[in-house]
Protein chains: 2
Amino acid sequence: MTQQAGNMAGQKVQRQTGVALWRQIADRIRTSINHGDFDDTGMVPPETVLALQFGVNRHTIRSALAALAQEGIVRAVQGRGTLIERKERLSFPISKRTRFSQGIGDQVRETRSVLLAATEEAASAELARQLKIKTGTRLVRLETLGQADNRPVSRATNWFPADRFGAIAEVYRTTGSITKAFRELGVPDYVRVVTEITATHADEGDLADLQLSPGAIVLITQALNTDLDNVPVQYSVSRFAADRVRFTIEN
Amino acid sequence: MTQQAGNMAGQKVQRQTGVALWRQIADRIRTSINHGDFDDTGMVPPETVLALQFGVNRHTIRSALAALAQEGIVRAVQGRGTLIERKERLSFPISKRTRFSQGIGDQVRETRSVLLAATEEAASAELARQLKIKTGTRLVRLETLGQADNRPVSRATNWFPADRFGAIAEVYRTTGSITKAFRELGVPDYVRVVTEITATHADEGDLADLQLSPGAIVLITQALNTDLDNVPVQYSVSRFAADRVRFTIEN
DNA sequence: TATGGTTGTCTATATCAATAGACATTTTGA
DNA sequence: TCAAAATGTCTATTGATATAGACAACCATA
């Protein structure tokens, strides 16, 4: 709080950083919308007011609002103001039993997971170390897209040992759930052993799959799941749109 | 892995996004350096090669490298190449017993925490809800800077109920540790109840305190600590330089 | 219906970002 | 010692970014 919220206009924008003012301002306004700062009116402050608050020209504000309109977040109405069309920020619990759909199930109407691609490959040294197998072991690799209310939230690359889960692609395609696929393949339950979190700028794949605006931030989790016998069953790298999610760690 | 590493040059840069090409490229090169992609030579590829890989003019590459040189990450030597001066990424474990100095103690030679400011204020509605106290209750607020090997890693704002911890500022100033300060004030141990993680762009304060370059990403944790009787003793908002840390959640 | 507040559009100007090409300077190694 | 390879510097041009001002068009409401 205090440090990041509410006082949207408190912090000045940064010039000559390689990031255009209109983009910085668009990001800040989007964050404020998601934080509920304008919920009382349902509208963004007038352009002239924003220009004064951010210390920039009104045209620069208009560029920022145009970008947000392009994303479908706001809609300008001549004579009235700029209306807020949509806001979202999901809270993702990370715990021993982290599961995509269950975790955010009470925050959205519908969650879905789409299989983008399924291939088989040999384990790299890094993957072998994580999954505690030998380098070169066959792995099934699934590229998936997590959706909440038909809006993309995360894109993930998942690796499974092929000997146990060679058929997981097909099972997943029908069930649309890792948990259910595991169950059908003889893994009744699994636990999250470790999660690593980093952040970076969105790459081209993020922009396309997550429908992000360029320059956006993605949160990256690298996670290992094991079955109840502590045998690694899944290693996954997931990329989340940073302005759509927050992670919560309960101990 | 796979998704984010190695293929630095595989993805093209994005034009007309409000983020200058030289900044995108600087961020990508920095990531590659931190990932160890150039460890064999200790140098960044030649400007002409990078220009070809990223599909931009050599002068644009030079702008990116100049920005990294400004950060002290690389140093160009005429006739030889561009040498890598520094790389680091600390791993932060987040668990029931998260503590700054203990968590990364084995990764660096020396950790220190500096008190930037200490004030007293009334609890806002948000803070009161987190700390389970009444709005308006007096709180001690500490602004601290976490350092590892004399390089700033995180800046935090901490709130403590003033009735129990009115003297924490002075104790902290002498001990340089929250854990020790708690101990002197009658709290032998404390646990991390919940941590929330989000990400955003660095603001002006981040740039100054964390010695970041403009456009950098910060990871934000909002955490609540309680004593062993489950009574909240500390609420803190910490901001980490995203390219210097990774969070690890062990279950 | 008149007025104030708001978004939309136009012109003009200055600076930044990016490309393009030429050539100098320095280091390395054959 | 010479040539190749690398960074350094300069000029020139184009498009994106940002500012500035003026005015039109539209909406709500007193």
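Lettering of chains follows the sequences in order, A, B, ..., and the numbering in each one begins at 1. Keep in mind that what you see is a predicted model, and the values were worked out from it rather than measured.
We find that CG of N57(A) is positioned 13 Å from C1' of dA14(C), with the value rounded to whole Å. What separates CZ of R75(B) from C1' of dT26(C) is a distance of 14 Å, to the nearest Å. Taking atom CZ of R23(B) as the reference point, atom P of dT17(D) lies 16 Å away to the nearest angstrom. Distance, L83(B) CG to dT26(C) P: 18 Å, rounded to whole Å. Put simply, CG on L21(A) is 16 Å from P on dT15(C), counting in whole angstrom units. Atom-to-atom, CH2 of W22(B) to P of dT17(D) comes out at 14 Å; the value is rounded to the nearest Å. Taking atom CZ of residue R62(B) and atom C1' of nucleotide dC23(C), one finds them 13 Å apart after rounding to whole Å.
Applying the 6.0 Å contact sphere to CD of E120(A) captures more than 12 heavy atoms from other residues, nucleotides or ligands.
Side chains of I29(A) and I73(A) form no contact here, defined as non-hydrogen atoms less than 4.5 Å apart.
Here R80(B) does not reach the OP1 or OP2 of dA6(D): none of its side-chain N or O atoms lies under 4.0 Å away.
With hydrogens and angles left out, the side chain of R58(A) and the base of dG8(C) share a donor-acceptor pair within 3.5 Å. In terms of polar N and O atoms assigned as donor or acceptor, the side chain of Q78(A) comes within less than 3.5 Å of the base of dA25(D) in a complementary pairing.
Of the residues L21(B), L65(B), L50(B), the one that meets the side chain to side chain contact (heavy atoms under 4.5 Å, CB included) test with T60(B) is L21(B).
Toward the 5' end of DNA chain D, the nearer of the two residues G79(A) and T60(A), judged by each one's closest nucleotide, is T60(A). Between E47(A) and H59(B), the one whose closest nucleotide on DNA chain C sits nearer the 5' end is E47(A).
The nearest pair of heavy atoms linking L210(B) to F240(B) is CD1-C, 4.3 Å.
Heavy atoms of T82(A) sit under 4.0 angstrom from primed sugar atoms or phosphate atoms, though from no base atom.
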